[in-house]
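Here is how names work: the chains are called A, B, and so on, in the same order as the sequence lines, proteins then strands, and each is numbered from 1.
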Amino acid sequence: MGNINITLKDGKAVQVPQGTKPADLLKKLPQKIAKRIVVARADLGKGETLVDLDRPLERDTRVEFLTTDDPDGLFVFRHSSAHLLAAAVLELYPEVQFGVGPPTDQGFFYEFLREKPFTPEDLEKIEKKMAELRNQNLPNQRKLVPFDQAMKLYQEQKQPLKCELVRDLSDGKMVQFYTTGKFIDFCLGPHIPSTKFIKAFKLLSVAGAYWKGEESNPQMQRIYGTSFPSQAELDDHLHKLEEAKRRDHRKLGKELNLFSIQEEAGAGLIFWHPKGGIIRHLMENWLREELLRRGYDLVYTPHVLRQDLWKTSGHLDYYRENMFPAMEDEHVAYQLKPMNCPGHILIYKSSLRSYRELPIRLAELGTVYRWERTGVLHGLLRVRGFTQDDAHVFCTPDQIEAEIEACVDFALALLKTFGFQDYEVELSVRDPNRAADYAGKVEDWEQAEGALVNSLTRMNIPFKRMEGEAVFYGPKIDIKLIDAIGRPWQLSTVQFDFNLPERFKLEYVAADGARHRPLMVHRALFGSVERFFGVLIEHYAGAFPVWLAPVQAIVLPISEKVLDYGEKVAGQLKQAGFRVQLDDRNEKLQAKIRDAQLQKIPFMLVCGKKEEEAGTVSVRSRSKGDLGPRPLADFQAELQRLVETKATQA
RNA sequence: GCCCAGGUAGCUCAGUGGUAGAGCGCGUCCUUGGUAAGGACGAGGUCGCGGGUUCAAGCCCCGCCCUGGGCUCCA
């Protein structure tokens with residue numbers, strides 16, 4: 001047997017006998033590093049892939065060792081965790097059928113088919129069994145088995161779902177298995193060497209999931225869990241889940257009295273209470289002013305439109321299942337609008353347009369209703385009635401890049417104003433192999449995609465190109481904001497539409513005197529006002545910046561003896577246009593502070609004898625605590641500054 | 001729509017077949033207190049809705065509505 005050349009990540013080259021395993025090379029590394037390695041990246045003959053540490057290396061290759069700090073390493077680790085889960089379930093419930101068990105962004109799951117559902121107690125038992133098997137340090141072993149033998153094995157084990165997978169996914173010759181104890185899985189791998197690496201794990205939930213994701217297939221039970229190489233990392237993760245719970249907009253919406261959803265009224269329909277209402281008012285005001293400044297025209301369109309219009313737009317054909325049923329009178333059917341586009345198009349079409357008028361930018365805070373299945377509704381984030389900050393730009397081809405840039409610039413201004421620092425941009429383009437699935441001419445698509453790329457490039461905005469992710473009517477840019485705890489939210493979108501101008505036969509008269517079809521860009525920045533509000537609540541954990549806070553300051557008289565002074569202070573601030581409350585309850589200062597703090601009011605103004613005599617207020621900030629006394633006028637000026645600058649820190 | 005878990009006072013939740021509970025909140029009174037809960041008393045319920053079983057149902061059974069976690073869907 002000959003030697004092969006191995007290049008390590010640091011560039012160091014070594015010569016080792018053919019058949020050497022990554023695990024052998026690992027022995028040369030310091031123990032401290034080596035014991036954290038879960039998988040390797042190397043070339044076994046078909047390019048670099050992730051490989052098991054005990055896979056023999058047969059040819060010259062680069063070898064890279066991965067820990068769970070590497071996303072790929074963590075993925076392999078979690079995948080092996082899923083196998084550990086399956087192995088435990090096999091021990092406890094040998095009668096179940098096994099489905100699939102991949103890693104996910106946050107952990108892993110495994111799917112089982114079983115008569116009885118798993119209960120929370122079952123999960124505890126399974127966790128215990130997993131710990132037992134982990135402690136036995138079972139190796140994850142790869143083996144190749146001829147197809148027929150594999151099928152026979154799974155038939156004997158009464159695993160028809162696995163047979164189905166082997167039949168559908170293997171090459172029909174050799175089948176790759178991984179074993180963890182008694183558990184044998186048809187699996188691409190790779191896996192971590194043995195179960196002992198999985199120091200910390202937790203099973204989180206069980207949920208129904210259709211076999212292969214098809215509604216007509218039987219429903220599997222999917223057990224979700226997560227795992228880490230150390231307890232500290234698991235604790236940290238669980239802590240983050242708690243943090244997300246703490247910020248849950250549904251919980252805060254109730255506690256801060258911002259909005260409600262009422263069974264009496266129907267699912268997915270939002271009631272904006274006064275404190276949520278004022279925030280919405282401020283959001284919308286900002287938006288309207290900005291729209292006008294940026295050359296948009298504000299329009300309003302009806303909530304119900306004749307059904308024929310939805311036929312023309314194509315919604316009846318393609319979007320019917322998301323539309324509330326028609327209302328019929330004797331002659332005509334009307335339907336609640338799920339989108340604003342047709343309305344804006346009718347305004348465009350109300351007169352013959354000249355190229356001199358373009359671009360025409362029609363904007364509306366348009367309330368739409370979509371019939372969503374009850375199972376998908378979720379607080380403010382997925383609702384049945386919502387208001388889009390919708391606009392449609394109609395323009396000529398040579399205007400398009402400037403218009404796209406203006407849209408993206410607007411979206412970024414919005415993110416900044418509302419306190420979001422980070423964002424990701426995705427460009428969704430067509431799949432050239434599915435030309436027939438798209439509306440519009442190929443040249444139009446090419447031009448549009450080119451315009452989007454040019455705009456983003458010129459603006460120096462990094463973006464991810466999503467091949468084949470475009471919707472059928474045009475390519476689009478999606479902007480995902482990243483909130484205070486690192487979660488992405490898809491809100492703003494800028495989309496080309498080649499479909500509706502065609503369907504409605506939109507035209508403008510160009511300089512050459514001929515009629516041309518305008519380009520149409522659909523854009524929403526908040527996306528939906530409801531959804532954006534939900535994200536805003538979670539981003540700030542309910543502690544809104546001063547300019548958005550429903551109550552900006554609360555005056556706290558120390559006793560009833562200084563109520564008059566408190567009233568005077570509150571009155572003066574209200575007069576100056578601030579949202580101020582007076583806590584005139586018969587309570588101790590401590591109690592008033594606690595309540596104001598829980599309501600996340602930015603400033604508490606403590607007023608007692610001393611303040612009354614000096615004409616001051618003692619300012620307490622919700623975030624910084626007691627700031628001491630200062631003249632009322634000074635505080636007022638500071639408040640003014642925070643509101644005017646829309647400061648996100650207070 | 002499907003699977004699982006829920007729905008009890010304004011809120012959070014306890015209550016395994018025998019007279020509906022707690023804390024917070026709310027009201028009244030006492031207290032007039034200097035930076036995260038002062039005290040007493042009181043009001044407050046169609047136990048999601050409808051049917052069934054039972055001498056008796058918040059509790060058991062069936063259907064529906066709604067909420068949550070997922071799946072599916074997402075022009």
**Student:** Nearest to the side chain of A/K254, heavy atoms from C-beta on, is which of B/rG38, B/rU12, B/rU32?
**Tutor:** B/rU12

**Student:** Counting only side-chain nitrogens and oxygens, does A/Y224 get under 4.0 Å of the OP1 or OP2 atom of B/rC71?
**Tutor:** yes

**Student:** May I have the distance from A/N586 (atom CG) to B/rC29 (atom P), rounded to whole angstrom?
**Tutor:** 10 Å

**Student:** Is B/rG33 paired to anything, Watson-Crick or G-U wobble with both distances less than 3.5 Å, and if yes, which nucleotide?
**Tutor:** none

**Student:** Who is the Watson-Crick or G-U wobble partner of B/rG63, with both distances under 3.5 Å?
**Tutor:** B/rC49

**Student:** Quick one: is A/R503 getting a side-chain N or O under 4.0 Å of the B/rA75 phosphate, OP1 or OP2?
**Tutor:** no

**Student:** I want to check one thing: is the phosphate of B/rG68, taken as OP1 and OP2, less than 4.0 Å away from some side-chain N or O of A/R250?
**Tutor:** yes

**Student:** Over how many whole Å does the gap from A/N322 atom CG to B/rU72 atom P extend?
**Tutor:** 16 Å

**Student:** Find the distance A/L123:CG to B/rA5:C1' and express it as a whole number of Å.
**Tutor:** 12 Å

**Student:** Does A/R594 get its side chain close enough to the base of B/rU35, under 3.5 Å, for a donor-acceptor pair?
**Tutor:** no

**Student:** Under a 3.5 Å cut-off for both contacts, is B/rG68 paired Watson-Crick or G-U wobble with anything, and if yes, with which nucleotide?
**Tutor:** B/rC4

**Student:** So which nucleotide from B/rA36, B/rU72, B/rU67 ends up closest to the side chain of A/I261?
**Tutor:** B/rU67

**Student:** Given atom CE of A/M604 and atom P of B/rG34, what is their separation to the nearest angstrom?
**Tutor:** 18 Å

**Student:** Please name the nucleotide paired to B/rG23 by Watson-Crick or G-U wobble geometry with both distances under 3.5 Å, or report none.
**Tutor:** B/rC11

**Student:** Side chains of A/Y540 and A/R247 only: does a donor on one sit below 3.5 Å from an acceptor on the other?
**Tutor:** no

**Student:** Tell me the interatomic distance from A/E372, atom CD, to B/rC74, atom P, rounded to whole angstroms.
**Tutor:** 11 Å

**Student:** Quick check: are there more than 12 heavy atoms from other residues, nucleotides or ligands sitting under 6.0 Å from NZ of A/K349?
**Tutor:** yes

**Student:** Could you check which nucleotide pairs with B/rA40 in any of the strands shown, counting Watson-Crick or G-U wobble with both distances under 3.5 Å?
**Tutor:** B/rU28

**Student:** Looking only at N and O atoms, is any donor in the side chain of A/Q590 or the base of B/rU35 less than 3.5 Å from an acceptor on the other one?
**Tutor:** no

**Student:** Just checking, any donor-acceptor pair under 3.5 angstrom between side chains of A/S618 and A/E611?
**Tutor:** yes

**Student:** Would you indicate which nucleotide in B/rC66, B/rA75, B/rU32 comes nearest to any side-chain atom of A/S559?
**Tutor:** B/rU32

**Student:** Which is true for A/Y318 with a 4.0 Å heavy-atom rule: it touches a base, it touches only sugar-phosphate, or it touches nothing?
**Tutor:** base

**Student:** Counting only side-chain N and O atoms of A/H378, is one of them less than 4.0 Å from OP1 or OP2 of B/rU67?
**Tutor:** no

**Student:** Without decimals, in angstroms, what is the distance between A/D248 CG and B/rG68 P?
**Tutor:** 9 Å

**Student:** Is it the case that the side chain of A/K592 and the backbone of A/D583 share a donor-acceptor pair, with hydrogens and angles ignored and the cut-off at 3.5 Å?
**Tutor:** yes

**Student:** Can you tell me the distance, in whole Å, between the CD atom of A/Q599 and the P atom of B/rA37?
**Tutor:** 16 Å

**Student:** Any idea how A/Y110 and A/H83 line up, ring-wise: parallel (<30°), tilted (30 to 60°), or perpendicular (>60°)?
**Tutor:** perpendicular

**Student:** What is the separation between atom CG on A/L204 and atom C1' on B/rA5, rounded to the nearest whole Å?
**Tutor:** 15 Å

**Student:** With distance as the sole criterion, do the side chain of A/E611 and the base of B/rG34 form a donor-acceptor contact below 3.5 Å?
**Tutor:** yes

